[in-house]
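In the text below, chain A, chain B and the rest are named by the order of the sequence lines, each starting its count at 1. Atoms considered below: every heavy atom in the structure, side chains included; atoms not considered: hydrogens, waters and symmetry mates.
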Number of protein chains: 2
Amino acid sequence: MEFVGSVVTGVATLSQTMEDGRRQMVGLLLPSDFVGRPGREYAAFNVEATTDVTLCKFARKPFEKLLNDMPHLRERMLEMALDELDAAREWMLLLGRKTAREKIASLLMIIAKRQNTLKPIENVEELKFELSLTREAMADYLGLTLETVSRQINALKKDGVIELERKRHVFVKDITRLLNETGDDADGGYFE
Amino acid sequence: MEFVGSVVTGVATLSQTMEDGRRQMVGLLLPSDFVGRPGREYAAFNVEATTDVTLCKFARKPFEKLLNDMPHLRERMLEMALDELDAAREWMLLLGRKTAREKIASLLMIIAKRQNTLKPIENVEELKFELSLTREAMADYLGLTLETVSRQINALKKDGVIELERKRHVFVKDITRLLNETGDDADGGYFE
DNA sequence: CGGTACGTTGAAGGGATTCAAGGCTAGTGG
DNA sequence: CCACTAGCCTTGAATCCCTTCAACGTACCG
C-alpha cells in the first residue's frame, strides 16, 4: 500500500476471499478508476490484474500531501468515493435479490455502458463489446458459480437476446430487450 | 434532498426496491452515521426510519458552502465515505457468498459491535444487545426471506450459540462461538 | 374482543450448486 | 508438423439449500 493510482488501460479486480476459498469480487477497476486508499497503510482487499494493466501511480505519502494543498483534488476524491458507493449499492441489490439470469444481463449492461463511454445519443440500439472477464471472474462478480454463468449466458444467446463470437465478444441487437432482462425499472439510466 | 444530516438516536435504513417488490437494504443508519449526499439533487435510495429517529440536520446548500470553507470537514467526509465503502464491500461478500446461517451470525456481530461501541478490552466474552430490526428488515439486509431468517435465528438458539428474550433481545455467552459461525477468518477485527 | 403487525413452523417445490465428463483453443516442446 | 498439455468453457445429472405457500401463534391496541 505504498502507492495509489489510476487505471489507464486494462482491467483489474478488487476481491475478497474466505478461508475455504469462496471468493467475491467487490470492485471492478476499469480505465479512469482510482486504486488505493489515501490515509491507510494496509489494503483491505486483493487487487489483481485480469488483463495487462497500465497504471498511473503516485507514492501515497506525497499524494496525501497533495490532497492537503489542493482542495479541488480532495473534492474530486470525495465525489469519486460517493459514486463508487452508489455503484456498490446497486451491486448489493444485484447480489441479494436478482436471479442468475438478471445478474448476467445486468453485468453485460454494466460492462457495455463503461466500454462504450455511453454516448447519450438516444438512437443507439445496437451494441458490441468485449468481455474482458473469464466465466469464473464473472461468477465471482455476481455471486454465482462459473457453471451457472455459462448456462445463463448460453440461455440468453439461445433466446436471441445476445449473440456471441468466440466466447468473449458480445453483440446486442436490441438493447431494450437486454435491459428488460436486468430486472431494473425503466431504462436503468442508460439513456441519460 | 434539501437536507443532509447525521443520525443522533434511533435506527434508519437505506433501501432499494425492484418493480415487483423485491427489496434490498443497502445501508443501515445508526447513531453517528451521515445521511444524504452533498452535491446531488435527488436521492438514489429510500430512507426509512425503523424506530423513532432524531436527526441533526442541515440545509444542503449552506452545508455545501461550509464544505468549501472548512477543509477539515471535507477531509472527514471523505474518510467517512471510504469507510462506508469498505463496509459495503464486506456486505457484498456476505450477500454473494455466505450461507443463511453465516449471514445471520454476521448480522448479529455487526449490530453487536456497533451497539457496544466495542471496547477493545479483550476479556469481553459476553454480549447483550437489542435487535432494533424486524425479521423482515433483517431479511432485506441479508438478501433472504423472513422465514429463513426466523428459522436460522431459532437454529442458532437451539444450538446454544445465542439466547433470546422476547424475540428482540439477544444474549451471547461465548462471542468466539458466534464469530466462528460468521465464516469470517480469525476474529473479524472484533478485538482490535 | 376483533384487528393488525410480527413471528414461527411445516410441507412442497425450484433455482442454483455440486460433481463429473468432455470439448475447444492456444501455446509448447518433441 | 503434430501430439500434448493447460486454461477456459460447456453440458448433464443429482442434490441441496432456500424459497414459496399456507397455517397458526402471540402481543399490543383501539
Side-chain angles (χ1 to χ4, degrees), chain A residues 11 13 18 20-25 48-52 94-108 130-159 162-170 181 183, chain B residues 11 13 18 20-25 48-52 94-108 130-159 162-170 181 183:
Chain A
V11 181
T13 63
M18 294 171 70
D20 59 9
R22 280 176 283 174
R23 171 191 299 210
Q24 176 64 51
M25 199 186 297
E48 284 168 60
T50 64
T51 65
D52 287 345
L94 178 151
L95 290 173
R97 295 304 188 189
K98 289 191 178 179
T99 64
R101 174 180 260 245
E102 289 169 342
K103 286 179 175 182
I104 296 290
S106 300
L107 175 58
L108 293 180
E130 189 178 342
L131 286 175
S132 33
L133 300 175
T134 64
R135 302 285 127 114
E136 188 176 19
M138 292 188 245
D140 289 341
Y141 186 111
L142 302 171
L144 297 171
T145 60
L146 65 92
E147 292 95 331
T148 301
V149 170
S150 179
R151 276 187 254 266
Q152 294 296 336
I153 286 182
N154 287 313
L156 285 176
K157 178 177 153 197
K158 198 157 296 169
D159 295 346
I162 62 174
E163 292 173 37
L164 280 184
E165 199 179 326
R166 293 198 302 103
K167 307 293 178 199
R168 293 289 190 94
H169 286 73
V170 181
E181 297 283 356
Chain B
V11 181
T13 64
M18 294 171 69
D20 59 8
R22 280 175 283 174
R23 172 191 297 211
Q24 177 63 52
M25 199 186 297
E48 284 168 58
T50 65
T51 66
D52 288 344
L94 178 151
L95 290 173
R97 296 302 188 191
K98 289 190 179 180
T99 64
R101 174 180 260 243
E102 289 169 342
K103 285 179 175 181
I104 296 289
S106 300
L107 176 58
L108 293 179
E130 189 180 342
L131 286 175
S132 34
L133 300 174
T134 64
R135 301 287 184 250
E136 187 176 19
M138 291 188 247
D140 289 340
Y141 187 110
L142 301 171
L144 296 172
T145 60
L146 64 91
E147 293 95 329
T148 301
V149 170
S150 179
R151 277 187 254 267
Q152 294 296 336
I153 286 182
N154 288 311
L156 285 176
K157 179 177 153 198
K158 200 156 295 170
D159 295 346
I162 61 174
E163 291 172 37
L164 281 184
E165 198 180 326
R166 294 196 301 103
K167 307 293 180 200
R168 292 287 191 95
H169 286 73
V170 181
E181 297 284 355

Q: Mind calculating the distance between CD1 (B:Ile153) and P (C:dG7) to the nearest angstrom?
A: 9 Å
Q) Taking CD1 from A:Ile104 and C1' from D:dC9, how many angstroms apart are they, rounded to a whole number? A) 13 Å
Q | Whole angstrom value for the distance that separates P of D:dC17 from CD of B:Gln152 | A | 10 Å
Q. With B:Ile104, which of B:Ile162, B:Leu142, B:Thr148 fulfils side chain to side chain contact (heavy atoms under 4.5 Å, CB included)?
A. B:Leu142
Q.
Nearest to the A:Glu147 side chain among C:dA16, D:dT19, C:dC19, which nucleotide is it?
A. C:dC19
Q | Distance, rounded to the nearest Å, where A:Leu156 contributes CG and D:dT10 contributes P | A | 12 Å
Q: Starting from C1' on C:dA16, measure out to NZ on A:Lys98 and report it in whole angstrom.
A: 18 Å
Q) Nearest-Å distance, CG (B:Asn154) to C1' (D:dT26)? A) 14 Å
Q: Please figure out whether A:Leu133 or B:Arg101 has its closest DNA chain D nucleotide nearer the 5' end.
A: A:Leu133
(Q) Measure CD/A:Glu136 against C1'/D:dG7 and give the value in whole Å, please. (A) 10 Å
Q) Is it true that a side-chain atom of A:Gln24 and a backbone atom of A:Asp140 form a donor plus acceptor pair closer than 3.5 Å? A) yes
Q) With a 4.5 Å heavy-atom cut-off, do B:Glu102 and B:Gln152 have their side chains touching? A) no
Q | Exceeds 12 heavy-atom contacts within 6.0 angstrom, atom CD of B:Glu147 | A | yes
Q. What nucleotide among D:dC18, C:dT17, C:dG7 has an atom nearest to a side-chain atom of A:Leu144?
A. C:dT17
Q.
Quick check: any donor-acceptor pair below 3.5 Å linking the side-chain of B:Arg168 to the base of C:dG7?
A. no
Q: Please confirm whether any donor atom in the side chain of A:Arg151 sits under 3.5 Å from an acceptor in the base of D:dG12, or the reverse.
A: yes
Q) Where the side chain of B:Thr99 is defined as all heavy atoms beyond and including C-beta, which of D:dC8, D:dT11, D:dC18 is the nearest nucleotide? A) D:dC18
Q: Name the nucleic acid region contacted by B:Thr148, choosing base, sugar-phosphate or nothing; use a 4.0 angstrom heavy-atom cut-off, strictly under.
A: base
Q | Interatomic distance, B:Leu146 CG vs C:dC6 C1' [rounded to whole Å] | A | 9 Å
Q: Identify which nucleotide among C:dT17, D:dC18, C:dT8 has an atom closest to any side-chain atom of B:Ala100, counting heavy atoms from C-beta outward.
A: D:dC18
Q. A:Arg135 side chain: which of C:dA16, D:dT10, C:dG7 is closest?
A. D:dT10
Q. Is B:Lys167 near enough to D:dA27 that one of its side-chain N or O atoms lies under 4.0 angstrom from OP1 or OP2?
A. no
Q.
Does B:Glu48, at its CD atom, have more than 12 non-hydrogen atoms belonging to other residues, nucleotides or ligands within less than 6.0 Å?
A. yes
